[in-house]
Amino acid sequence: MNFKKILAAVAALVVVGLVFVACKKEITNTDKVATEQVVKHQNTEGDYIDIPEVFYSSDGITFYDGNGTAVTEIHVDYGEKYGHAQFSSEGKIASCTRPGNDCGDATIWDDETTMSWSAVYAVRDDGTIITQPRVYN
(Lines give C-alpha, C1' and ligand atoms only; values in the text may rest on other atoms or scores of the structure.)
Protein backbone atom coordinates (compact mmCIF):
# COMPACT_ATOMS: atom_id res chain seq x y z
CA MET A 1 0.00 0.00 0.00
CA ASN A 2 2.80 2.45 0.89
CA PHE A 3 4.62 1.52 -2.31
CA LYS A 4 1.61 2.66 -4.37
CA LYS A 5 1.57 6.02 -2.57
CA ILE A 6 5.28 6.51 -3.20
CA LEU A 7 4.86 5.56 -6.85
CA ALA A 8 1.92 8.00 -7.20
CA ALA A 9 3.99 10.78 -5.60
CA VAL A 10 6.91 10.15 -7.97
CA ALA A 11 4.55 10.16 -10.97
CA ALA A 12 3.04 13.47 -9.80
CA LEU A 13 6.52 15.03 -9.51
CA VAL A 14 7.42 13.84 -13.01
CA VAL A 15 4.24 15.42 -14.41
CA VAL A 16 4.96 18.72 -12.61
CA GLY A 17 8.52 18.69 -14.00
CA LEU A 18 7.29 18.05 -17.54
CA VAL A 19 4.75 20.88 -17.29
CA PHE A 20 7.48 23.25 -16.04
CA VAL A 21 9.82 22.32 -18.90
CA ALA A 22 7.00 22.71 -21.45
CA CYS A 23 6.10 26.16 -20.08
CA LYS A 24 9.75 27.28 -20.09
CA LYS A 25 10.16 26.11 -23.68
CA GLU A 26 6.99 27.95 -24.73
CA ILE A 27 8.23 31.21 -23.17
CA THR A 28 11.58 30.82 -24.98
CA ASN A 29 9.88 30.10 -28.30
CA THR A 30 7.53 33.07 -27.88
CA ASP A 31 10.46 35.41 -27.22
CA LYS A 32 12.34 34.02 -30.24
CA VAL A 33 9.33 34.50 -32.54
CA ALA A 34 8.80 38.04 -31.25
CA THR A 35 12.46 38.89 -31.91
CA GLU A 36 12.30 37.42 -35.43
CA GLN A 37 9.13 39.40 -36.19
CA VAL A 38 10.80 42.64 -35.11
CA VAL A 39 13.79 41.93 -37.36
CA LYS A 40 11.51 41.10 -40.32
CA HIS A 41 9.51 44.29 -39.72
CA GLN A 42 12.67 46.35 -39.63
CA ASN A 43 13.86 44.82 -42.88
CA THR A 44 10.57 45.58 -44.68
CA GLU A 45 10.70 49.25 -43.74
CA GLY A 46 13.50 50.07 -46.18
CA ASP A 47 16.87 51.23 -44.95
CA TYR A 48 17.68 49.73 -41.59
CA ILE A 49 19.65 51.82 -39.14
CA ASP A 50 22.36 49.82 -37.39
CA ILE A 51 21.99 50.54 -33.69
CA PRO A 52 25.13 49.55 -31.74
CA GLU A 53 24.80 47.26 -28.72
CA VAL A 54 25.91 50.14 -26.50
CA PHE A 55 26.35 53.82 -27.26
CA TYR A 56 27.35 56.87 -25.28
CA SER A 57 26.44 60.53 -24.98
CA SER A 58 27.54 63.47 -22.90
CA ASP A 59 24.37 65.47 -23.55
CA GLY A 60 21.66 62.94 -24.52
CA ILE A 61 21.52 64.40 -28.04
CA THR A 62 24.77 63.39 -29.77
CA PHE A 63 25.66 59.68 -29.62
CA TYR A 64 28.84 57.67 -30.20
CA ASP A 65 29.58 53.94 -30.23
CA GLY A 66 32.48 52.38 -28.33
CA ASN A 67 34.90 53.27 -31.15
CA GLY A 68 33.95 56.96 -31.10
CA THR A 69 31.97 56.72 -34.35
CA ALA A 70 28.89 58.95 -34.44
CA VAL A 71 25.55 57.16 -34.25
CA THR A 72 23.24 59.22 -36.45
CA GLU A 73 19.60 59.34 -37.55
CA ILE A 74 18.28 58.52 -34.08
CA HIS A 75 17.08 60.28 -30.98
CA VAL A 76 16.45 58.88 -27.52
CA ASP A 77 13.68 59.63 -25.04
CA TYR A 78 14.96 58.99 -21.53
CA GLY A 79 12.53 58.03 -18.77
CA GLU A 80 12.78 58.73 -15.07
CA LYS A 81 15.67 57.16 -13.21
CA TYR A 82 14.37 54.37 -10.97
CA GLY A 83 17.25 52.01 -10.28
CA HIS A 84 20.91 51.38 -9.69
CA ALA A 85 22.93 50.16 -12.69
CA GLN A 86 25.27 47.19 -12.57
CA PHE A 87 27.78 46.92 -15.42
CA SER A 88 29.23 43.78 -16.95
CA SER A 89 32.94 43.34 -17.57
CA GLU A 90 32.34 44.40 -21.22
CA GLY A 91 30.92 47.74 -20.07
CA LYS A 92 27.32 46.84 -20.89
CA ILE A 93 24.44 47.47 -18.52
CA ALA A 94 23.89 44.13 -16.81
CA SER A 95 20.92 45.29 -14.73
CA CYS A 96 18.97 48.32 -13.58
CA THR A 97 17.25 47.44 -10.32
CA ARG A 98 15.65 49.31 -7.46
CA PRO A 99 16.58 51.16 -5.30
CA GLY A 100 18.81 53.75 -6.88
CA ASN A 101 18.81 56.80 -9.09
CA ASP A 102 21.31 56.37 -11.91
CA CYS A 103 19.43 54.28 -14.53
CA GLY A 104 16.05 53.79 -16.14
CA ASP A 105 14.13 52.93 -19.29
CA ALA A 106 14.48 54.70 -22.61
CA THR A 107 13.11 54.57 -26.15
CA ILE A 108 15.37 54.82 -29.21
CA TRP A 109 13.68 56.37 -32.25
CA ASP A 110 14.69 56.08 -35.90
CA ASP A 111 14.22 59.66 -37.12
CA GLU A 112 13.43 58.63 -40.70
CA THR A 113 11.01 55.71 -40.28
CA THR A 114 9.81 56.65 -36.75
CA MET A 115 10.38 53.03 -35.67
CA SER A 116 11.32 52.60 -32.03
CA TRP A 117 13.25 50.21 -29.81
CA SER A 118 13.00 49.70 -26.07
CA ALA A 119 16.24 50.48 -24.25
CA VAL A 120 17.81 50.96 -20.85
CA TYR A 121 20.20 53.75 -19.90
CA ALA A 122 22.54 54.60 -17.06
CA VAL A 123 24.38 57.75 -16.06
CA ARG A 124 27.97 57.05 -15.11
CA ASP A 125 29.83 58.90 -12.35
CA ASP A 126 31.48 61.16 -14.96
CA GLY A 127 28.06 62.19 -16.35
CA THR A 128 28.30 60.07 -19.51
CA ILE A 129 24.99 58.47 -20.49
CA ILE A 130 25.29 54.89 -21.67
CA THR A 131 22.32 53.63 -23.68
CA GLN A 132 21.68 50.01 -24.60
CA PRO A 133 18.83 48.58 -26.70
CA ARG A 134 17.01 45.75 -24.98
CA VAL A 135 17.65 42.36 -26.59
CA TYR A 136 15.12 39.61 -26.19
CA ASN A 137 16.34 36.11 -27.00
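Under a hydrophobic clustering in which Ile, Leu, Val, Met, Phe, Trp and Tyr are joined whenever their side-chain heavy atoms come within less than 4.5 Å, directly or via other members, Y78 and W117 fall into the same cluster.
A donor-acceptor pair under 3.5 Å is formed between the side chain of D102 and the backbone N or O of A85. Without hydrogens or angle criteria, D65 side chain to N67 main chain gives a donor-acceptor distance under 3.5 Å. Within the 3.5 Å criterion, the main-chain N or O of W109 finds no donor-acceptor partner in the side chain of S116.
Every pair tested for disulfide bond (SG atoms under 2.5 Å apart) that includes a residue from residues 58-89 fails, sequence neighbours excluded, so the list is empty.
Under the ring pair (Phe, Tyr, Trp, His ring centres under 6.0 Å) criterion, Y82 pairs with no residue, sequence neighbours left out. Checked against side chain to side chain donor-acceptor pair (under 3.5 Å), T128 has the following partners two or more places apart in sequence or in another chain: D126. Applying the side-chain contact (heavy atoms from CB on, under 4.5 Å) test to A119 and every residue at least two apart in sequence or in another chain returns A106, I108, T131. Residues forming a side chain to side chain donor-acceptor pair (under 3.5 Å) with D125 (at least two apart in sequence, or on another chain): none. F63 meets the ring pair (Phe, Tyr, Trp, His ring centres under 6.0 Å) test with F55; sequence neighbours excluded.
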Pairs under 3.5 angstrom only: tabulate donor-acceptor contacts from the side chains of residues 90-101 to other protein residues two or more places apart or in another chain.
| residue | atom | partner | partner atom | Å |
| --- | --- | --- | --- | --- |
| E90 | OE1 | S88 | OG | 3.0 |
| K92 | NZ | E53 | OE1 | 2.6 |

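Under the 4.5 Å side-chain criterion, counting only non-hydrogen atoms from C-beta, V71 is not in contact with Y56.
Across all their heavy atoms, E80 and Y121 have their closest contact at C-OH, 3.8 Å.
Checking V120, I51, V54 one by one against P133, the side chain to side chain contact (heavy atoms under 4.5 Å, CB included) holds for a single residue, I51.
Distance check: D111 CG to I74 CD1 gives 8.0 Å after rounding to the nearest 0.5 Å.
In the hydrophobic clustering, where aliphatic and aromatic side chains (Ile, Leu, Val, Met, Phe, Trp, Tyr) are joined below 4.5 Å either directly or transitively, I61 stands alone.
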